[in-house]
Amino acid sequence: MPMPPIDKSRLPSRHVTEGPSRAPHRSYYYAMGISEAEIHQPFVGVATCWNEAAPCNIALNRQAQAVKMGVKEAHGTPREFTTITVTDGIAMGHEGMRSSLASREAIADSVELTMRGHCYDALVGLAGCDKSLPGMMMAMVRLNVPSVFIYGGSILPGRHEGRDVTVQDVFEAVGQNQAGNMSEEALIALEKVACPSAGACGGQFTANTMACVSEAIGLALPNSSGAPAPYESRDQYAEASGRAVMALIEKNIRARDIVTRKSLENAARVVACTGGSTNAGLHLPAIAHEAGIAFDLFDVTDIFRDTPYFVDLKPGGKYVAKDLYEAGGVPVVMKELRKAGLIHEECMTVTGRTIGEEIDMVTREADGRVIYPVSAPITPTGGVVGLKGNLAPDGAIVKVAGMEADQQVFTGPARVFECEEDAFEAVKARSYKEGEVLVIRNEGPAGGPGMREMLATTAALSGQGMGKKVALITDGRFSGATRGFCVGHVGPEAAHGGPIALLKDGDMITIDAIRGELSVALSDEDLAARKAAWTGPRETIYGSGALWKFAQQVGPTRKGAVTHPGGAHEKHAYMDL
């Protein structure tokens with residue numbers, strides 16, 4: 001039933017709609033066909049990352065129209081706007097990937113500026129790709145307005161030679177082709193069917209990981225992240241999201257009432273138990289930063305350490321996002337976590353109910369195929385592990401979902417590369433040796449700049465059948481689709497003089513995901529001597545522009561690679577201006 005009109009006397013949009021002095025502003029709204037009644041209703045920003053860059057974004061425009069219908073039904077005035085997306089799958093493996101992480105900041109900044117400039121009262125954000133999801137949630141928390149997030153949905157799996165395939169299979173097929181194990185004709189046949197629809201990559205890669213986070217953290221309606229992008233049923237979730245944000249305005253429930261330390265811990269639990277992307281170790285601290293909550297990589301990995309892994313999703317497992325949805329989705333996953341006492345039930349959600357109250361309404365149980373019972377998990381600890389040691393004083397992160405215990409310890413000599421391209425060429429030429437630890441440095445947030453993902457290199461290794469015979473560490477990132485023993489986020493990064501900058505070929509490196517260790521067989525005195533002889537960061541080709549600006553501003557990976565002081569340093573609340 002429609003809610004009665006809401007008093008705008010304390011809402012931001014009063015600055016552009018109320019009183020005689022705002023007549024010029026109202027004239028612009030009349031020019032767009034907005035009625036007098038609509039002008040005096042709450043204004044809801046409906047922000048999308050729609051574009052024609054990739055399939056993950058292409059359905060967002062349609063879904064935004066459904067959101068607007070829901071807002072209108074509840075006596076609100078929706079104002080649609082768009083922001084950018086850099087899509088990792090297409091940016092991967094070349095200079096374009098430097099733009100990816102920086103785009104997260106640009107998305108948050110542009111949404112903030114649009115909301116502030118036009119005095120919108122609330123926000124519904126639609127996003128479909130790796131960095132657009134956290135970027136949109138960061139904007140919600142930064143502004144601290146009534147907010148609802150909605151994911152654009154996953155892509156349907158492709159079908160090839162009787163099995164489901166994803167874009168991960170195509171990346172790995174490139175390695176098989178380079179190794180001479182797959183013909184170019186077979187590669188082309190696979191590439192044409194791997195991505196059959198709109199939507200984000202279908203495994204538990206970064207987009208689907210952060211979609212699960214949006215529900216677990218409370219910013220999205222329960223089960224809204226599950227339905228694939230082509231499903232028309234997604235429009236029902238979109239419409240419901242529009243109505244939900246109007247209820248949040250009425251109740252004055254803002255984003256930071258939902259995003260708390262405890263809700264961040266809930267989100268980290270869901271990442272761990274689903275074998276989610278290591279990128280969550282970057283994005284959860286960044287979201288926390290917007291609220292002024294101290295929650296860094298070590299806090300995330302502490303949660304990972306004692307969370308069982310019980311949802312069997314690609315890349316480490318068998319199934320894709322559509323299968324998780326059909327098994328009951330994130331609500332069933334959280335129900336299992338509650339059975340183990342691993343959920344903070346009192347956390348608020350965008351429904352106006354607590355997580356515990358939402359779980360009480362879940363009738364389905366774990367199916368034992370996609371979602372295992374928490375009492376009988378795939379492995380007793382999470383699919384993502386934090387590491388620390390003299391090679392990573394600020395930490396590092398590795399995804400171990402799908403790996404046996406004896407595959408989670410690796411010691412070998414370093415083979416050092418100064419950038420991803422050098423490593424990829426060595427892999428392509430097979431000029432590396434079994435047992436080596438490939439080190440890719442100067443790929444951190446500042447040193448890259450941009451903290452590129454290394455999927456092209458890791459997929460090539462996997463395609464050559466070497467994914468378990470070598471290890472790889474970097475101060476850059478790995479895609480959520482990466483598998484094999486690949487350690488990312490090594491901090492401090494090389495550009496900031498971290499120990500990874502001091503490594504030489506042949507240094508013996510130990511990666512122990514069971515003990516949480518990343519170390520090099522060098523004494524403190526050896527490292528100090530090398531640091532004294534270090535000539536400084538590697539110069540990049542980016543001397544101006546957005547990537548230069550990002551490199552100057554970006555902070556450490558451990559704290560989310562953010563570019564501004566965050567909520568702890570705020571001097572005003574946007575909603576109260």
Side-chain angles (χ1 to χ4, degrees), residues 104 108 125 127 131 133-145 147-149 151 206 208-222 225 253-274 276-307 330-331 333-334 337-338 340-351 353-356 358-359 382-386 395 397 480 489 555-562 564-568 570:
R104 184 192 71 180
K131 305 308 169 296
L133 278 80
M136 193 67 73
M137 287 185 266
M138 288 163 65
M140 293 172 173
V141 178
R142 182 185 302 178
L143 289 160
N144 197 24
V145 295
S147 302
V148 178
F149 177 86
Y151 179 41
T206 305
N208 280 312
T209 297
M210 295 309 297
C212 292
V213 161
S214 72
E215 286 191 45
I217 211 168
L219 284 173
L221 294 177
S225 69
I253 297 175
R254 305 181 184 185
R256 293 186 201 171
D257 297 321
I258 293 169
V259 177
T260 63
R261 169 72 188 226
K262 288 183 176 180
S263 73
L264 288 158
E265 291 177 357
N266 286 344
R269 294 279 185 207
V270 169
V271 173
C273 75
T274 60
S277 170
T278 56
N279 282 317
L282 193 68
H283 301 321
L284 286 173
I287 293 169
H289 177 77
E290 300 290 354
I293 298 169
F295 190 72
D296 68 8
L297 177 64
F298 292 135
D299 296 305
V300 174
T301 55
D302 284 347
I303 298 291
F304 290 170
R305 188 177 300 114
D306 64 357
T307 305
V330 174
V333 173
M334 296 188 77
L337 285 168
R338 181 168 75 169
L342 297 175
I343 285 291
H344 299 294
E345 297 186 42
E346 68 273 28
C347 295
M348 179 59 63
T349 77
V350 292
T351 66
R353 295 182 289 270
T354 65
I355 285 285
E358 290 296 337
I359 295 174
V384 182
V385 173
I397 197 165
H489 302 198
T557 301
R558 173 183 168 183
K559 296 183 178 180
V562 292
H564 69 109
E570 284 178 354

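Atom set for the values below is all heavy atoms of this structure, side chains included, hydrogens, waters and symmetry mates excluded.
Within the structure, salt bridge (Lys or Arg N to Asp or Glu O under 4.0 Å) contacts touching residues 135-144 (residues at least two apart or in different chains) are D109-R142, E112-R142, R142-E290. The salt bridge (Lys or Arg N to Asp or Glu O under 4.0 Å) pairs that include a residue from residues 340-349 are K262-E346, R338-E345, where partners are two or more places apart or lie in different chains.
For the pair P331/I359, no side-chain contact is recorded, criterion being any heavy-atom separation below 4.5 Å from C-beta on. At least one side-chain heavy atom of H489 sits less than 4.5 Å from a side-chain heavy atom of N279.
In this structure, T260 contributes its side chain and S263 its backbone to a donor-acceptor pair below 3.5 Å. A donor-acceptor pair under 3.5 Å links the side-chain atoms of N266 to the main chain of H344, judged by distance alone.
Applying the side-chain hydrogen bond (donor to acceptor under 3.5 Å, both in side chains) rule to R256 yields the partners E570; only residues at least two apart in sequence or on another chain are considered. Partners of D257 under the salt bridge (Lys or Arg N to Asp or Glu O under 4.0 Å) rule, at least two apart in sequence or in another chain, do not exist in this structure. With sequence neighbours excluded, the residues forming a side-chain hydrogen bond (donor to acceptor under 3.5 Å, both in side chains) with S225 are E215, listed by chain and number. A search for side-chain hydrogen bond (donor to acceptor under 3.5 Å, both in side chains) contacts involving T307 returns R269, not counting sequence neighbours. Applying the salt bridge (Lys or Arg N to Asp or Glu O under 4.0 Å) rule to R261 yields the partners E265, D299; only residues at least two apart in sequence or on another chain are considered. For the ring-ring contact (aromatic ring centres under 6.0 Å, His included) test, no residue two or more places apart in sequence or in another chain qualifies with H283. In terms of the side-chain contact (heavy atoms from CB on, under 4.5 Å) criterion, residue partners of S214 (sequence neighbours excluded) are, by chain and number, M137, F149, A220. Under the side-chain contact (heavy atoms from CB on, under 4.5 Å) criterion, A216 pairs with A267, V270, M334, not counting sequence neighbours. Applying the side-chain hydrogen bond (donor to acceptor under 3.5 Å, both in side chains) criterion to T351, with sequence neighbours excluded, gives T349, E358. Residues passing the side-chain contact (heavy atoms from CB on, under 4.5 Å) test with V562 are R104, A286, H289, sequence neighbours excluded.
Annotation for L219 and V259: closest pair CD1-CG2, 3.8 Å, computed over non-hydrogen atoms. When every heavy atom of T209 is checked against every heavy atom of G276, the shortest pair comes out as OG1-CA, 3.4 Å. Nearest heavy-atom pair, L337 versus C273, reported as atom, atom and distance to 0.1 Å: CD1-SG, 4.1 Å. Smallest separation of non-hydrogen atoms from Y151 and N208: OH-OD1, 2.9 Å. Nearest heavy atom pair, residue C212 against residue V330, reads SG-CG2, 3.7 Å. Between L282 and A561, the shortest heavy-atom distance links the atoms CD1-CB, 3.9 Å.
With no hydrogens or angles considered, a side-chain donor-acceptor pair links S277 and T206 at under 3.5 Å.
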Any chance you could lay out the side-chain contact (heavy atoms from CB on, under 4.5 Å) test for L284 and F295, step after step, and finish with the verdict?
CA-CA 8 Å; L284 286 173; F295 190 72; 4.3 Å; yes
Checking I258 against V350 for the side-chain contact (heavy atoms from CB on, under 4.5 Å) test, could you report, in this order, the C-alpha distance in whole Å, the side-chain angles of both residues, the deciding distance, and whether it holds?
CA-CA 7 Å; I258 293 169; V350 292; 3.6 Å; yes
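Taking CZ of R305 as the start and CZ of F298 as the end, the distance is 9.5 Å to the nearest 0.5 Å. A distance of 6.5 Å separates CD1 of I397 from OG1 of T301, quoted to the nearest 0.5 Å. With rounding to the nearest 0.5 angstrom, the CG atom of L342 is 6.5 Å from the CG atom of D306. A distance of 4.5 Å separates CZ in R558 from CG in D296, rounded to the nearest 0.5 Å.
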